[in-house]
Amino acid sequence: MCWSATADLVAGTAVTAVGVACVTRAARTRPRAVPLAALPLLLGAHQLIEAVIWNDGGGSGPATVAWAVIALPLLPLWVPLAVLCAAPPRARRRLLVPVAAGVVTSAVLAYVLAATTVTAEVRGHTMGYAIGLPHAGWLVGGYLLATIGSLLLSGEAGLVLLGGLVAVGAAGCAALWRWEFISTWCACAALCSVVLYGWLRGGPPAVSRS
């Protein structure tokens with residue numbers, strides 16, 4: 001989320017460009033990391049969609065639904081599965097916990113989205129989204145375990161750093177959003193995308209085995 005349509009458009013374009021570089025790099029050097037490398041593409045698209053919502057003045061149109069699908073059921077499923085693919089073998093057993101949390105959380109959120117209507121509303125320099133979540137505390141916990149937890153448990157120093165940055169950034173962005181001062185998640189997404197690219201550049205080259 002960004003503080004205006006223009007900010008979302010600029011940040012979304014930049015993050016998408018980093019995503020293209022990440023996927024290109026991963027395809028050459030770490031094929032198992034391609035799903036994780038594609039995460040900035042997803043985040044960039046997310047911000048570009050929100051630029052449309054800003055221009056629409058909020059509401060409950062197709063752009064709002066698309067934004068909610070990415071934010072709610074897709075990310076808590078995508079991130080832990082992508083980390084599981086990219087992580088070293090020694091870490092994969094412990095990653096089953098965040099993967100399971102992601103599967104359950106994603107299923108519940110998908111059901112909620114199918115059964116209710118999500119709406120967006122401009123609140124000063126933020127875009128607020130409203131959807132009735134049952135047992136919100138449990139869902140938030142499962143969401144954080146799936147996304148941040150999988151990065152912290154990955155066994156890769158670069159991904160652990162990324163998980164720490166996401167945790168700090170999410171806390172700060174949530175506080176600013178709650179105060180309806182300004183939304184800065186786009187800046188956090190951009191920083192994390194650059195960190196992810198740095199991790200991919202430092203990764204070992206792909207080894208072909210016959």
Self-check item: Separation of Ser154 OG from Arg92 CZ (nearest 0.5 Å)
Solution: 12.0 Å
Exercise. Determine the minimum heavy-atom distance between Pro35 and Pro31, stating which atoms define it.
Key: CD-O, 4.3 Å
Quiz item: With the 4.5 Å side-chain cut-off for hydrophobic clustering, are Val18 and Leu75 part of the same group?
Solution: no
Quiz prompt | Cluster overlap Val166 with Val15, hydrophobic side-chain contacts below 4.5 Å | solution = yes
Quiz item: Do Leu41 and Leu191 share a hydrophobic cluster (ILVMFWY, side-chain heavy atoms under 4.5 Å, transitive)?
Solution: no
Using a 3.5 Å cut-off and no angle test, enumerate the donor-acceptor pairs between side-chain atoms of residues 95-116 and protein atoms at least two apart in sequence or in another chain.
{"from": "Thr105", "atom 1": "OG1", "to": "Ala101", "atom 2": "O", "distance (Å)": "2.7"}
{"from": "Ser106", "atom 1": "OG", "to": "Pro73", "atom 2": "O", "distance (Å)": "2.6"}
{"from": "Thr116", "atom 1": "OG1", "to": "Val112", "atom 2": "O", "distance (Å)": "2.7"}

Practice problem: Output the distance between atom CG (Leu42) and atom OG1 (Thr16), rounded to the nearest 0.5 Å. | Solution: 9.5 Å
Quiz item: Run the side chain to side chain contact (heavy atoms under 4.5 Å, CB included) check on Thr6 and Trp54 step by step: do they pass?
Solution: CA-CA 9 Å; Thr6 301; Trp54 275 104; over 6 Å; no
Self-check item: Separation of Leu77 CG from Tyr143 OH (nearest 0.5 Å)
Solution: 11.0 Å
Quiz prompt | Straight-line distance of Ser150 OG to Leu145 CG, nearest 0.5 Å | solution = 8.0 Å
Quiz item: What closest approach, in Å, do Gly132 and Pro134 show between heavy atoms, and which atom pair accounts for it?
Solution: O-CD, 3.7 Å
Self-check item: Heavy-atom pair of closest approach, residues Pro40 and Gly19
Solution: CB-CA, 3.5 Å
Quiz item: For the residue pair Ile70 and Leu74, what are the closest heavy atoms and their distance?
Solution: O-CB, 3.6 Å
Quiz item: side chain to side chain contact (heavy atoms under 4.5 Å, CB included) between Trp67 and Ile53: does it pass, once the steps are laid out?
Solution: CA-CA 9 Å; Trp67 186 95; Ile53 300 173; 3.7 Å; yes
Self-check item: Spacing of Trp78 atom CH2 and Leu39 atom CG [to the nearest 0.5 Å]
Solution: 8.0 Å
Exercise. Taking all non-hydrogen atoms of both residues into account, name the closest pair between Asp8 and Gln47 and its distance.
Key: CB-O, 3.4 Å
Quiz item: Hey, any chance Val20 and Tyr197 share a hydrophobic cluster, counting ILVMFWY side chains that come within less than 4.5 Å of each other, even indirectly?
Solution: no
Practice problem: Find the distance between CH2 (Trp199) and SG (Cys192) and round it off to the nearest 0.5 Å. | Solution: 14.0 Å
Quiz prompt | Expected output: side-chain Thr64 to main-chain Gly59 donor-acceptor under 3.5 Å | solution = yes
Quiz item: Mind checking whether Ile148 and Val79 sit in one hydrophobic cluster, side chains of I, L, V, M, F, W, Y counted as touching below 4.5 Å?
Solution: yes
Quiz item: Ala37 and Leu200: which non-hydrogen atoms are nearest, and at how many Å?
Solution: CB-CD1, 3.7 Å
Exercise. Dump the intermediate steps for side chain to side chain contact (heavy atoms under 4.5 Å, CB included) on Leu165 and Val195, then the final yes or no.
Key: CA-CA 9 Å; Leu165 288 175; Val195 171; 3.6 Å; yes
Exercise. Assess whether side chain to side chain contact (heavy atoms under 4.5 Å, CB included) is satisfied between Tyr129 and Leu72, documenting all intermediate values.
Key: CA-CA 11 Å; Tyr129 296 88; Leu72 298 178; over 6 Å; no
Exercise. Would you sort out whether Glu156 and Arg32 count as a salt bridge (Lys or Arg N to Asp or Glu O under 4.0 Å), showing the intermediate values?
Key: CA-CA 14 Å; Glu156 288 273 359; Arg32 290 184 61 90; over 6 Å; no
Quiz prompt | Leu159 side chain reached by Leu196 side chain, heavy atoms, under 4.5 Å | solution = yes
